[in-house]
Amino acid sequence: MIPDYNDFAREWEAAWNARDLPRILSHYTDDIVFRSRKAFGHIGLGELRGKEQLDTYWQAALKGQPDLKFAVQSVLGGHKMAVIVYANHRNVVAAETLYFRADGLVERASACHEIWDDPDPYRISVDLWVKPGMETAFARYEEQALAALSNYGGRLIEASRPETGPYERHILQFPSRMAFDAYLGGPEYQAARAARESCIERTDIAEVGS
C-alpha cells in the first residue's frame, strides 16, 4: 500500500536524525536503484544498485558527518512517487525523489543537492609532506578526506608525486571559495585533525587558475 507521503517524510526525517541505518533502509526494496553524485566520493559510484551498496554508502556518509541533521521543508506528491525537500545541518537544500512499489517500499530514488552559484570554480594546489613510515596511514586519511570534501562539492582533479619536494601534490576543485571555506570549517575536517597530524608533517596550499 502506498504510504501517506507526509507520514513517510516525518518517519524518514526521524530515522535519519536518529542515525538509525537499519530503520532508514527498511523503507527500500532489496533491489533499490539509487542515484546521487555524492556517492562518488564515498564508494566511487553515482548509481547504486541493491540495498548492500546503499548500506555501504550511507554508513560512510554517516561516519563522515557526525553532526548530520535533516529538516523537511516540503513534501511534493505524485503518482506512486514523492519528493522530499529538506535542509541539512549546514543549511544546504536538497531533494529526495522516491518511487514507490505497490507494497509501499521505495524501489527507485535519487538525491539532488543545492549547487553553489559562483560561476567560476575555485582550484587549489595542495603539497603534502608525509612523515616517514606513515604512508599507509596517509593513504587511509586521504581516502576519508576526499570523501569528506565531496560533501561540499569538492573533488580531486589531479594527483601526482613530484620527483623532489612533497610526497604528493593534489589539485582540488570546489564550486567556489565559499565552498572550500565551508569544508575547512566543517565537522569532517575538524574530526580528522588527529589523523591528519599523525601522518602529515607539512601542507602547502596555493590557489591556481581554473
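All heavy atoms count here, side chains included; hydrogens, waters and symmetry mates do not.
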Problem - Any donor-acceptor N/O pair, Lys69 side chain to Asn17 backbone, under 3.5 Å - result: yes

Fill in the blank from the handout: Minimal heavy-atom distance between Val72 and Val75, with the atoms involved, is CG1-CG2, 3.9 Å

Fill in the blank from the handout: Here the gap from Leu54 atom CG to Ser36 atom OG, rounded to the nearest 0.5 Å, amounts to 9.5 Å

Fill in the blank from the handout: One should read off an interatomic distance between Asp55 CG and Leu48 CG, to the nearest 0.5 angstrom, of 11.0 Å

Fill in the blank from the handout: When every non-hydrogen atom of Ala192 is compared with those of Tyr141, the smallest separation belongs to CB-CE1, 3.9 Å

Exercise for the section: Calculate, to the nearest 0.5 Å, the distance between atoms CG and CG belonging to Asn151 and Leu68 respectively. Expected result: 9.0 Å

Practice task
With sequence neighbours left out, write down each residue that passes ring pair (Phe, Tyr, Trp, His ring centres under 6.0 Å) with Tyr183, or none if nothing qualifies.
Solution key: Tyr152, Phe174, Tyr189

Completion exercise
Value for CH2 (Trp16) from CD1 (Ile24), rounded to nearest 0.5 Å, stands at 4.0 Å

Exercise for the section: With rounding to the nearest 0.5 Å, note down the distance linking CD in Glu207 to CZ in Arg123. Expected result: 13.0 Å

Handout entry: Arg108 atom CZ, neighbour heavy-atom count above 12 within 6.0 Å
Key = no

Exercise for the section: Write down the atom of Ser160, the atom of Pro162, and the distance for their closest heavy-atom approach. Expected result: O-CD, 3.6 Å

Handout entry: Within 6.0 angstrom of Glu52 CD, more than 12 heavy atoms from elsewhere
Key = no

Fill in the blank from the handout: So the salt bridge (Lys or Arg N to Asp or Glu O under 4.0 Å) pairs with at least one residue in residues 183-196 (sequence neighbours excluded) are Arg90-Glu188, Arg193-Glu197

Handout entry: Closest contact, heavy atoms only, Ala109 versus Leu98
Key = CB-CD2, 3.8 Å

Practice task
Please lay out, stage by stage, how Glu135 and Tyr167 fare under the test side-chain contact (heavy atoms from CB on, under 4.5 Å).
Solution key: CA-CA 9 Å; Glu135 292 81 6; Tyr167 173 78; 3.7 Å; yes

Exercise for the section: State which residues pass salt bridge (charged side-chain N to carboxylate O under 4.0 Å, His left out) with Arg19; sequence neighbours excluded, sorted by chain then number. Expected result: none

Exercise for the section: With sequence neighbours left out, write down each residue that passes salt bridge (charged side-chain N to carboxylate O under 4.0 Å, His left out) with Glu168, or none if nothing qualifies. Expected result: Arg161

Handout entry: Of all pairs that satisfy ring-ring contact (aromatic ring centres under 6.0 Å, His included), the ones with a partner from residues 73-107, not counting sequence neighbours
Key = Tyr5-Phe100, Phe8-Phe100, Trp12-Tyr86, Phe70-Tyr86

Practice task
Say whether Leu25 and Val106 are linked into one hydrophobic cluster, either directly or through other cluster members, by side-chain heavy-atom distances under 4.5 angstrom.
Solution key: yes

Practice task
On the 0 to 90° scale, with breaks at 30° and 60°, tag the Tyr28-Phe34 ring pair as parallel, tilted or perpendicular.
Solution key: perpendicular

Practice task
Using the test salt bridge (charged side-chain N to carboxylate O under 4.0 Å, His left out), find all partners of Glu11 that sit at least two apart in sequence or belong to another chain.
Solution key: Arg23

Problem - Hydrophobic cluster membership, Leu184 vs Ile205, 4.5 Å side-chain cutoff - result: yes

Fill in the blank from the handout: Looking only at heavy atoms, the pair that brings Leu172 and Ile157 closest together is C-CG1, 4.4 Å

Completion exercise
When rounded to the nearest 0.5 Å, the distance separating CZ of Arg35 from OG1 of Thr97 is 11.5 Å

Practice task
Mind listing the closest non-hydrogen atom pair of Gly154 and Pro175 along with its distance?
Solution key: N-CD, 4.3 Å

Exercise for the section: Tell me whether Leu156 is reachable from Val126 by hopping between hydrophobic residues (I, L, V, M, F, W, Y) whose side-chain heavy atoms are closer than 4.5 Å. Expected result: yes

Exercise for the section: Count the heavy atoms belonging to other residues, nucleotides or ligands that lie under 6.0 Å from NZ of Lys131, then report whether that count exceeds 12. Expected result: yes

